[in-house]
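A short write-up of the structure that comes next.
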Amino acid sequence: GGAAVGPPRLQTVFGKENEEEIRALKADATRPLGSTARAFKAGDGMHMLPYPCIQEGKDRPVIDIPVRPAWTEDMGAESLNAREEKYFGDWLSDIYRAHARSELNYFEHNLEVWRQVWRTAFERADIVVMVLDARIPLFHFSQAVFNHVKTKLEKEVVIVMNKADIVPPASVQLWHDFFAAHCPGVRFVPFCVPKSGSAHVAQLPCVVELLDALKACSVTRAGKRLPAAPFFDHPREELAALTGDRDPEEFITVVLQGDPNMGKSSVINAVFGKKLVSSSATPGHTKHFQTLFWGRDVCFCDSPGIVCPKLGVPKPLQVLFGSYRIAQVREPYHVVRFIAEHCHPPLVDLLKLKTFRDKDAEPDEPWSPLNLCEAYARKRGFFRRGGRVDPTRAASRLLRDALSGFSGLALCFAPPGVNAAAVAAAAAVMAPVAAQWVRGGGDSEEEDDDEGEDGGSGSGVVAGVPLEASGDDDDDEDDGDEATTAAEAPPKAKVRNAFAALNSSGSESEDSEG
């Protein structure tokens, strides 16, 4: 049977972890690391990894998302709630009846969170912006949501590939080509979220490209399709004159949708040129939808991050890319193993851990997730009372660095079916402007949110064009996490601005983080 309907509190609820699996993972922490996964050279010392998941809708079926049951205005609140609760409980039961728990990812079990999504992305929206993490966009792309919005609701979709500044430039081009074939006609915007307080944020090219993509969409009014562009024509200064409630038909609503920790709130802050919506590295930080008028006739809506059910998703990926809270990970070493077995250069070399091994260890003792974290704890000065090293704290720090892309831990994956030759070809195409992408980390700021910063400028080569098949400053931590002191701050990393590569008129660039 399925899990019970989630509590009324607006917090993410996942299925309970299997105790037997947890014990097995703990016992596995001392097993030597396997060989490092193969990777494709993406130019300038950067690498891309083969796509690690099955492809939804191709290799395995797409699991339908829950949609709001039919209702009428004269239906009482109690009756409506009972109908929704029964429907949602049946949906969960059907999923667990059809698929083994071990095949499923951690997905949202809280009806209240789904209700928020129903009322934003599915009911209020005229245009839905699907925000994806540039490091592994397809992992965060919900085919079920796309099908429902595009096919059943007949609403326009724009794909934003956020955090594009921490991936190889070739990656942006390859994923553009993938989505051009996968979602023909849908506009694709690589995005690098700037620091909310930066000057002229709203004029940065990624923001301009996103607004252009939205203007190129169409909306439905009185049963007719109308261009969205005229809704953007009124000067933003007119907004101050607006008072009282308005008919939703008078303006268009743009809803940002996606997994937790994609940077949806930060994208909205960038569009507005200042911090209006709180953002955090905590998955699911936004749980109530928030509406903000950009101009007289354009309303942006920040919807809750939600994880849809999928099959064949490696659980470590959900932790590394923000879908599952690090504070709730009961056994972190299996995630450290995934990082170590996929990191280029090898994680031990990247973190310079060889001199921090246990002095009593044999010279040829192989590295395991546990002794790797013990060495990292010695390097970072993570000790428990009595002077014993604290590998759990070190593991948590590694997971946070990988989530944020700090310390060189920006694992980046190629689209399904892409091989080394395709990556090399994409890297060669981008090579003439690659030198413009490298930015030193000397003035980089670390923040534990999901924002990055960007300062590329100029006309886009890829960003904001139709896809046609081609040949915050919040430092919020999870409540259960240890406080991170200044001494624990990860090293300032060098980052690469993929979006600036696509928009290279040479304007001043700003620092960025994942």
Side-chain angles (χ1 to χ4, degrees), residues 64-77 80 83-84 87 114-131 142-160 183-189 208-258 264 267-268 271-272 288-304 464-468:
D64 289 335
I65 55 172
V67 295
R68 193 177 185 184
W71 61 283
T72 58
E73 292 185 358
D74 59 354
M75 188 178 294
L80 176 60
R83 174 177 292 190
E84 291 180 348
Y87 162 78
W114 280 105
R115 280 171 168 156
Q116 295 283 311
V117 174
W118 292 345
R119 287 155 177 74
T120 55
F122 299 162
E123 295 180 9
R124 286 175 173 249
D126 291 297
I127 303 170
V128 175
V129 176
M130 298 184 73
V131 183
S142 171
Q143 190 67 50
V145 169
F146 180 81
N147 292 346
H148 183 70
V149 172
K150 188 73 175 169
T151 305
K152 294 184 179 179
L153 301 181
E154 298 184 333
K155 296 181 179 183
E156 292 265 28
V157 174
V158 173
I159 294 175
V160 166
C183 309
V186 173
R187 290 181 171 262
F188 175 93
V189 182
V208 174
E209 296 287 355
L210 175 56
L211 292 174
D212 287 345
L214 295 173
K215 293 174 186 177
C217 293
S218 61
V219 298
T220 300
R221 289 292 181 272
K224 297 181 179 179
R225 299 297 294 182
L226 303 175
F231 290 88
F232 289 82
D233 286 346
H234 296 282
R236 295 187 62 188
E237 289 74 15
E238 294 183 13
L239 181 59
L242 292 176
T243 56
D245 295 332
R246 299 179 62 197
D247 184 346
E249 294 291 302
E250 297 177 3
F251 57 89
I252 63 172
T253 301
V254 178
V255 174
L256 274 69
Q257 185 278 333
K264 297 183 294 296
V267 170
I268 286 184
V271 169
F272 279 80
H288 291 271
F289 66 81
Q290 303 171 70
T291 57
L292 298 161
F293 272 90
W294 179 85
R296 195 187 78 175
D297 297 332
V298 179
C299 177
F300 278 81
C301 182
D302 185 20
S303 70
V465 299
L467 289 182
E468 299 173 351

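What you see is a predicted model, and the numbers here were worked out from it, not measured in a lab. The basis for the numbers below is simple: all heavy atoms, side chains too, and nothing from hydrogens, waters or symmetry mates.
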Original post:
Salt-bridged, R221 to D126, with N to O below 4.0 Å?
Top reply: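 Yes, charged N to carboxylate O under 4.0 Å.
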
Let me confirm one number: the [atom1]-[atom2] distance from [X] to [Y], rounded to the nearest 0.5 Å.
{"X": "C301", "Y": "L256", "atom1": "SG", "atom2": "CG", "value": "8.5 Å"}
{"X": "R119", "Y": "R68", "atom1": "CZ", "atom2": "CZ", "value": "4.0 Å"}
{"X": "F146", "Y": "Q143", "atom1": "CZ", "atom2": "CD", "value": "6.5 Å"}
{"X": "H148", "Y": "L153", "atom1": "NE2", "atom2": "CG", "value": "4.0 Å"}
{"X": "R115", "Y": "E123", "atom1": "CZ", "atom2": "CD", "value": "12.0 Å"}
{"X": "N147", "Y": "K150", "atom1": "CG", "atom2": "NZ", "value": "11.5 Å"}

Original post:
Relative to each other, are the rings of F300 and F272 parallel, tilted or perpendicular (30° and 60° limits)?
Top reply: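 Rings of F300 and F272: perpendicular, as their planes differ by over 60°.
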
Would you say the side chain of [Y] lies within less than 4.5 Å of the side chain of [X], judging by non-hydrogen atoms?
{"X": "V254", "Y": "F231", "answer": "no"}
{"X": "V145", "Y": "V128", "answer": "no"}
{"X": "T220", "Y": "E154", "answer": "no"}
{"X": "T253", "Y": "T291", "answer": "no"}
{"X": "V158", "Y": "C217", "answer": "yes"}

Short question: side chain of [X], backbone of [Y] - any donor-acceptor pair under 3.5 Å?
{"X": "E156", "Y": "I127", "value": "no"}
{"X": "W294", "Y": "I268", "value": "no"}
{"X": "K264", "Y": "V255", "value": "no"}
{"X": "K215", "Y": "F232", "value": "no"}

**OP:** Determine the minimum heavy-atom distance between P69 and E84, stating which atoms define it.
**Re:**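 Closest approach of P69 to E84: CD-CG, 3.9 Å.
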
Original post:
Looking only at heavy atoms, what is the nearest atom pair of F122 and P66, with distance?
Top reply: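 Heavy-atom minimum between the residues: CE1-O, 4.3 Å.
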
**OP:** Before giving the answer on side-chain contact (heavy atoms from CB on, under 4.5 Å), spell out for V129 and L214 the whole-Å C-alpha distance, their side-chain angles and the decisive distance to 0.1 Å.
**Re:** CA-CA 9 Å; V129 176; L214 295 173; 3.8 Å; yes

**OP:** Decide side-chain contact (heavy atoms from CB on, under 4.5 Å) for I159 and C183; before the verdict, give the C-alpha distance in whole Å, the side-chain angles of both, and the deciding distance to 0.1 Å.
**Re:** CA-CA 10 Å; I159 294 175; C183 309; 4.3 Å; yes

**OP:** Please lay out, stage by stage, how V149 and Q257 fare under the test side-chain contact (heavy atoms from CB on, under 4.5 Å).
**Re:** CA-CA 11 Å; V149 172; Q257 185 278 333; over 6 Å; no

Subject >> Side chains of S303 and Q116, donor plus acceptor under 3.5 Å >> reply: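 No, Q116 and S303 have no side-chain donor paired with an acceptor closer than 3.5 Å.
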
